[in-house]
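Following: one structure in structure tokens, then a few remarks.
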Amino acid sequence: MFNEYDIVSRILNKDLRAFELLVKRYEKLVFFVINRLVQDQQNKEDICQEVFIKIYNSLGTFRFQSKLSTWIARIAYLTAVNYLKKNKNNSTYEYPDNIDSYHFTEETPEQELIKKNTAAYVNELIEQMPHQYKTVLTLYHLNEFSLTEIEEITGIPEGTVKSYLFRARKLLKEKIEKDIKQENTWKS
Amino acid sequence: MEELNDDELQELLSRGTGTGDNIFSQKENSDILAYRKLFTVLAEEPSQGLSFSFAANVRRKIQEQLNRKSDRRFNLLAATIFALSIALAYGLLMWISPATGSLILEVVLKFKWVLAMIIIVFFCFLLTNQRDVKREY
């Protein structure tokens, strides 16, 4: 059984096998966060490595005031945000100043091709969203963090996290429904 | 009964209710179904993940980092011990035989650049050796 206290204590005593266990346990968590926020496929694994190196170097500052998973997710989130800030010139999408007025824009030919695969289409739509929406969707649904934990990870107030989550899901649901209606109209 | 809005429907689904009830209208049922499908898709893991050797690669990087730190400490210690040894030897010599000590100091100062080069070459060799040698862990 994975005991956080035991593992952290062993890692701080330079036990690299214990650290490898920690990496294996949390690599998916870190990957889900980085995968959603970073679009550059080649850099994702490098950034995940960078996250774990940061975790190793700062594990001495972890005081068990939160769960280890929450602390690790915060490091992953901040690393991804720093990467986005450094590379914002390469970003394909421009985000609106007022996030609450965000809506999906005209469809691209790529989206037309992948509509048949709902999961791929939903992921394509999420790629277009502001990073705050992407983050809360991933942390809530994939990583299964609570709203309180997401606030600890991102620094966004819980009420705002909930608002982003509900709005992002509503946008996705309405977009998919609209597409289904359009398709049915064309077929008939 | 008033129809539930999107936020209320999402709240119901998040709590795990809204299943198999006949109290909802057709539109509400359609929305619940749409949200339920969406939640399922949102919880699906990405098809591509990290490489199988990811954990081992990270461990190797950390080991390299630790080795570099250890090498830096060793080099600093070696340089300090070397300098202290020279100073101690010179001190002892000056105490035993001041004339010999002064003579040696004169010779060292005469050939200071040659000696400095030898020391620099030695430490460069040490650094290169540390980088080239693969450590087993």
Side-chain angles (χ1 to χ4, degrees), chain A residues 11 14-28 30-32 34-36 41 44-46 48-53 55-57 117-123 125-126 136-138 140-144 146-147 162-163 165-177 180, chain B residues 3-16 18 24-74 134-137:
Chain A
I11 293 168
K14 310 279 187 240
D15 183 347
L16 288 187
R17 263 190 225 152
F19 182 67
E20 198 172 339
L21 278 176
L22 181 143
V23 173
K24 282 183 178 157
R25 184 167 177 91
Y26 293 110
E27 61 183 6
K28 268 193 181 173
V30 168
F31 179 70
F32 290 161
I34 302 297
N35 181 57
R36 185 61 84 196
Q41 198 64 35
K44 287 181 190 187
E45 187 149 330
D46 288 343
C48 290
Q49 264 192 18
E50 189 187 325
V51 169
F52 280 106
I53 291 171
I55 288 166
Y56 182 84
N57 290 333
N117 182 338
T118 313
Y121 183 49
V122 166
N123 284 320
L125 291 173
I126 294 172
V136 298
L137 285 171
T138 304
Y140 188 84
H141 285 281
L142 261 179
N143 294 108
E144 297 181 339
S146 66
L147 297 178
K162 189 173 179 179
S163 165
L165 186 64
F166 278 37
R167 175 143 175 79
R169 293 193 300 209
K170 186 178 174 183
L171 283 171
L172 288 169
K173 173 238 173 197
E174 285 172 353
K175 178 78 172 116
I176 294 167
E177 275 184 340
I180 291 170
Chain B
E3 276 192 352
L4 299 171
N5 63 28
D6 279 274
D7 285 0
E8 285 161 340
L9 289 173
Q10 288 190 52
E11 192 72 57
L12 273 177
L13 279 170
S14 294
R15 279 193 231 130
F24 300 114
S25 67
Q26 196 177 349
K27 185 182 181 308
E28 282 169 340
N29 276 325
S30 164
D31 285 344
I32 287 172
L33 191 63
Y35 273 118
R36 214 177 279 146
K37 276 186 186 168
L38 178 64
F39 283 23
T40 307
V41 168
L42 288 172
E44 263 180 45
E45 294 185 6
S47 51
Q48 274 185 319
L50 293 166
S51 60
F52 285 117
S53 59
F54 177 75
N57 291 342
V58 173
R59 180 183 166 168
R60 196 180 65 247
K61 281 236 157 116
I62 297 290
Q63 185 65 65
E64 282 169 11
Q65 184 182 281
L66 289 172
N67 288 347
R68 277 196 303 273
K69 203 172 169 184
S70 165
D71 289 344
R72 268 197 301 272
R73 273 196 200 139
F74 172 79
K134 282 185 185 170
R135 311 274 174 111
E136 293 294 319
Y137 60 86

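Below, read A as the first sequence line, B as the second, and so on, with proteins coming before strands; counting in each chain starts at 1.
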Please lay out, stage by stage, how A:K173 and B:D31 fare under the test side-chain contact (heavy atoms from CB on, under 4.5 Å).
CA-CA 8 Å; A:K173 173 238 173 197; B:D31 285 344; 2.9 Å; yes
Thinking salt bridges, do B:K37 and A:E177 make one under a 4.0 Å N-O criterion?
no
Heavy-atom pairs under 4.5 Å with chain A, option from B:L9, B:N57, B:V58, B:L50 with the top count
B:L50
Need one label for A:N143: side chain, backbone, both or neither, based on atoms under 4.5 Å from any heavy atom in chain B.
neither
Report the distance from atom CD1 of B:I62 to atom CD1 of A:I53, rounding to the nearest 0.5 Å.
5.0 Å
Option in B:L38, B:T40, B:L42 with maximal non-hydrogen atom pairs under 4.5 Å from chain A
B:L42
For the interface with chain B, which of A:K28, A:K44, A:K24 has the highest count of heavy-atom pairs at distances below 4.5 Å?
A:K28
Against chain B, label A:F19 side chain, backbone, both or neither, depending on which of its atoms sit under 4.5 Å from a heavy atom there.
side chain
Supply the atom-to-atom distance B:Q10 CD to A:L165 CG, rounded to the nearest 0.5 angstrom.
7.0 Å
Find the one option among A:E144, A:E174, A:R36, A:E27 whose heavy-atom pairs under 4.5 Å with chain B are most numerous.
A:E27
Tell me, for B:D7 versus chain A, whether the close heavy atoms (under 4.5 Å) come from the side chain, the backbone, both or neither.
both
Please determine, among A:R17, A:K170, A:R169, the option with the most heavy-atom pairs under 4.5 Å with chain B.
A:R169
With rounding to the nearest 0.5 Å, note down the distance linking CG in B:L66 to NZ in A:K14.
6.0 Å
Centroid-centroid under 6.0 Å between B:F54 and A:F31 rings:
no
Rounded to the nearest 0.5 Å, how far does CD of A:E20 lie from CZ of B:R60?
11.0 Å
Taking side chain to side chain contact (heavy atoms under 4.5 Å, CB included) as the test, write out the residues that go with B:R68, two or more places apart.
B:E64, B:Q65, B:R72
Determine the option with the most heavy-atom pairs under 4.5 angstrom with chain B, choosing from A:L21, A:N123, A:L142.
A:L142
Atom CD in B:E11, atom NZ in A:K162: separation rounded to 0.5 Å?
3.5 Å
Which bit of A:L22 comes within less than 4.5 Å of chain B, counting heavy atoms only: side chain, backbone, both or neither?
neither
